[in-house]
Amino acid sequence: MRRYAARPMADAMHGVTARERLEALGKLQGDTVAAKVDGRVYDLHTPIPEDAREIEPIRVNDPEALPIIRHSTAHVMADAVQRLFPGTKVAFGPAIDDGFYYDYDRPDGSFTEEDLEKITEVMLGIIEANTPFERKVLPYEEARRVLEELGEPYKLEHLERLKDEEISFYQHGKWVDLCEGPHVPSTGFLKAFKLTHRAGAYWRGDERNPMLQRIYGTAFPDAKALRAYLLQRQEAEKRDHRKLGKELGLIAFHPYAPASPFFLPRGAQVYNRLVEYIRDLYDEKAYQEVITPQIFDNALFHTSGHLPSYRENMFFAATVDGLEEASKALVKNPPKDEESCSHVLSEHLRFGVKPMNCPSHCLYFAMEKHSYRDLPLRIADFGRLHRYERSGVVQGLTRVRTFAQDDAHIFCTMEQVQGEIASFIDLVFRVYEDFGFTDTKVIVATRPDQRLGSDEVWDAAEAALFDACKAKGIAFEVADGEGAFYGPKIEFHLKDAIGRSWQLGTIQCDFNLPERFDLHYVGADNERHRPVMLHRAILGSVERFFGVLVEHVAGAFPIWLAPEQLRLLTVSERFNDYAHEVAADLRKKGYRVDVDDSADKLGAKIRNARNLRIPLLGVVGEREVESRGLAIRSRDENADLGFKTLDEVEAILAPLSLPPSRRPA
RNA sequence: GCCUAGGUAGCUCAGUGGUAGAGCACCCCCUUGGUAAGGGGGAGGUCGUGAGUUCAAUUCUCAUCCUAGGCUCCA
């Protein structure tokens, strides 16, 4: 097994290179890393098509240079790794959103922190040597021979999947890699990188495959940009909802209920504000809220299709009776294997804890006969859901095992689908704006290979989604084949503090459940018709939304959501009575007000309140008691707003206690 | 579930093969103070849990639970 090529892969290429062309046009600068030729990115030393029309340089500080720099850095890292740890195989090493990674199969174990330091040192040496990156294109069979010679099984496996006649390789110094490119002209262009962390990753992302060792890093055009990025990341980590949630007394976890949050009094306040806000919208938009059971006979989940297809994600509820029956059945007919044992158990353990509200809403719909005049019927439910998530995937509030959605199902006719979707999109954007989210990513997920229903129905449903998005003039991406098996969907994604994107809102067309539950309504023609079911949520799960919101506002909730809107700080004990009197009065009016009547001095009280991100502070001393008011200090301005009468305080609080879209103009 | 790294007081964290420490928070006392920590004293931990090695384990080994970063999966 030999990593390095026996001889440099001297190029035998013909034609004009990007560099030559740029030079001829006088467009080549010292900091040019690649070229954009008719929309495609080329290395400088790669010949470009003879009929190329437009050619522009990509310079180090252009956004398009970043992935090139990062991917090139990944190559340098892989070179360093194989120098330091002979026998290590390489897999994939792409540039990603905020850096790059490379996956390795290291036979003698995983990489340690110290290994990263060593790798970094060797990388610095490679960069200092400033060796050029070279591209070579080989015929398929020859490419195979090279990879066999290099002893790279993962690359060979990847080669199998490439159908191209010609395969490109990149080489810097003696290190060669099967690679699409492009790359910077030479290693010296890599001015600033940092290896950040390591993790396991399955080969080709499939858990049936062997686990590889992944090393993540990031790279920038210069040290200043790298420092800025690392600093920004540090700042972002301070906003982490798990950290803030603890510091601000919002949430907690206990090992007895893994991945299941406690909402502490302050957190529950905010949680309830979120639900209350959505309930108000429901009143406005003609939704009807229901409260449905938590635990159902498994017959329901058979009908809905959750058994067996959603089984791994469900909790089941055993009873002593059920266990005894199961035991008797097992003693009477001892099972031959695990499967039959499991079958007997699940037959006698009758109950399942609901992972979704849709089955019970179907039951509700079927309880009465419906006319087309009833439609659309919008049924909302904040029911608590339980899903068994595998231990490795849970995370803070963004991925939990018990949560509530601002869930609703709209039963409507096919003709009503587009209108319902359009008004839902409006609603989603209004809500996200109320919370201050502006960069919402919209994704339309279309029919997957495995699906139910005829192509005509899918055509209509997808058209309804696309038409609604287009009619709204919103930008969206298409995720082909990513729809649910029962229908296509629109997803609304927001980013958390560290830039991870989370799906919050969604609207999905469903033709499957109405079929399974044999739902129908009577049309104007006096015939039975199948309704369409739209699953939709705006916040998504209240828990996840809460987490993303905490990070978005960095714990500083706006007044309409703040658990404590105003805290009264007494200058000395002598003013406690007045403060309590004022607080009681404001609380009676619906404001969330507390008094800090501790023995702390004013400075300490202010510090504590500010650390809790309380939006308004009211200082109470001699002057305020005499003139019946408060000296207001605002969190957002971090300044003393001076004396306000009680009426003035209320005038400040009243409008800000409403969500922006409900405030008087 | 898999890979890697962690788990010491309510919180943030030191530390050690000879059964533990700081700051903040908490309790008590003094101070009655006007816009980001007034002073003093006290209490609080079977060092995640269970086994093993050892004369001796919080420290070393293994298992297990939880957490974190990924992979896979999803609201």
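Every value quoted in this text rests on a predicted model; they were computed, and no experiment measured them. Below, chain A is the first sequence line, B the second, and so on; all start at residue 1.
- Within 3.5 Å, a donor on the side chain of Glu389(A) pairs with an acceptor on the base of rA75(B), or the reverse.
- For rC60(B), the paired nucleotide is rG52(B), the pair qualifying as Watson-Crick or G-U wobble because both relevant distances are below 3.5 Å.
- Within the 4.0 angstrom heavy-atom criterion, no nucleotide atom of any strand lies near Phe545(A).
- A 4.5 Å side-chain heavy-atom check between Val619(A) and Lys605(A) finds every atom pair outside the cut-off.
- Here rU35(B) is the nucleotide among rU4(B), rU35(B), rA75(B) with the atom lying nearest to any side-chain atom of Asp640(A).
- For the pair Asp434(A)/Tyr277(A), a side-chain contact is recorded, criterion being any heavy-atom separation below 4.5 Å from C-beta on.
- Of the candidate nucleotides rA36(B), rU35(B), rC73(B), rA36(B) has the atom nearest to the side chain of Asn611(A).
- The pairing partner recorded for rG7(B) is rC65(B), the criterion being a Watson-Crick or G-U wobble arrangement whose two distances lie under 3.5 angstrom.
- Phosphate contact (OP1/OP2 of rG1(B), side-chain N/O of Ser391(A), threshold under 4.0 Å): present.
- A donor-acceptor distance shorter than 3.5 angstrom exists from the side chain of Asp406(A) to the backbone of Ile538(A), with no hydrogens or angles considered.
- Ranked by how close their nearest RNA chain B nucleotide is to the 5' end, Leu602(A) and Asn608(A) are led by Asn608(A).
- Nucleotide rG17(B) is matched to nothing when pairs are restricted to Watson-Crick or G-U wobble geometry with both distances under 3.5 angstrom.
- The shortest distance between the side-chain N/O atoms of Lys246(A) and the OP1/OP2 oxygens of rG10(B) is not below 4.0 Å.
- Evaluation of atom-type donor-acceptor distances gives no pair under 3.5 Å for the side chain of Tyr202(A) against the base of rG70(B).
- At the phosphate of rC71(B), OP1 or OP2 sits under 4.0 Å from a side-chain N or O atom of Tyr216(A).
- Contact annotation for Ala631(A): base contact, defined as any heavy-atom pair under 4.0 Å involving a base atom.
- A 3.5 Å limit on both hydrogen-bonding distances identifies no Watson-Crick or G-U partner for rG34(B).
- In this structure, the nucleotide among rG70(B), rA36(B), rC3(B) sitting nearest to the side chain of Gln213(A) is rC3(B).
- Here rG1(B) is the nucleotide among rG1(B), rU67(B), rA36(B) with the atom lying nearest to any side-chain atom of Tyr388(A).
- Between the His552(A) side chain and the Gly436(A) main chain, a donor and an acceptor come within less than 3.5 Å of each other.
- As the counterpart of rG44(B), no nucleotide is assigned, since no Watson-Crick or G-U wobble pattern has both distances under 3.5 Å.
- Nearest to the side-chain atoms of Gln405(A) among the listed nucleotides rU35(B), rC71(B), rA75(B) stands rA75(B).
- Rounding to whole angstrom units, CD of residue Gln503(A) and P of rA75(B) are separated by 5 Å.
- Asp115(A) and Thr112(A) share a side-chain donor-acceptor pair at under 3.5 Å.
- Using a 4.0 Å heavy-atom distance criterion, Gly621(A) is classed as a base contact.
- Under a cut-off of 6.0 angstrom, the local environment of CZ in Arg311(A) is sparse, with at most 12 non-hydrogen atoms contributed by other residues, nucleotides or ligands.
- Nearest to the side-chain atoms of Arg399(A) among the listed nucleotides rG34(B), rC71(B), rC73(B) stands rC73(B).
- Counting non-hydrogen atoms under 4.0 angstrom, Glu482(A) reaches nothing in the nucleic acid.
- On a pure distance criterion of 3.5 Å, no polar donor-acceptor pair joins the side chain of Arg574(A) and the base of rU32(B).
- The side chain of Pro258(A) lies closest to rU67(B), out of rU67(B), rA75(B), rU35(B).
- When each of Tyr310(A) and Ala257(A) is assigned the nucleotide of RNA chain B with its nearest heavy atom, Ala257(A) is the one assigned upstream, toward the 5' end.
- Across all strands, Leu504(A) comes closer than 4.0 Å only to sugar-phosphate atoms, never to a base (heavy-atom distances).
- A sub-4.0 Å separation between OP1 or OP2 of rA68(B) and a side-chain N or O of Arg242(A) is present.
- Rounded to whole Å, the separation between the C1' atoms of rU72(B) and rG1(B) comes to 9 Å.
- Within the nucleic acid shown, Glu247(A) has no heavy atom closer than 4.0 Å to any nucleic acid atom.
- With hydrogens and angles disregarded, a donor-acceptor distance shorter than 3.5 Å links the side chain of Glu624(A) to the backbone of Gly621(A).
- The partner of rC74(B), taking Watson-Crick or G-U wobble pairs whose two distances both stay under 3.5 Å, does not exist in any strand shown.
- Within the nucleic acid shown, Val400(A) comes within 4.0 Å of at least one base atom, counting heavy atoms only.
- Ala259(A) comes within 4.0 angstrom of the backbone, heavy atoms only, and of no base.
- The side chain of Val571(A) has rG34(B) as its nearest neighbour among rU4(B), rG34(B), rG69(B).
- Nearest to the side chain of Ser572(A), among rC71(B), rG33(B), rG34(B), sits rG33(B).
- Gly642(A) comes within 4.0 angstrom of nothing in the nucleic acid, heavy atoms only.
- No donor-acceptor pair closer than 3.5 Å links the side chain of Gln269(A) to the backbone N or O of Ala562(A).
- Within 4.0 Å (heavy atoms only), Gly205(A) reaches sugar-phosphate atoms of the nucleic acid but no base atom.
- Ala599(A) comes within 4.0 angstrom of a base, heavy atoms only.
- Taking only distance into account, the side chain of Arg390(A) never meets the base of rC74(B) through a donor-acceptor pair shorter than 3.5 Å.
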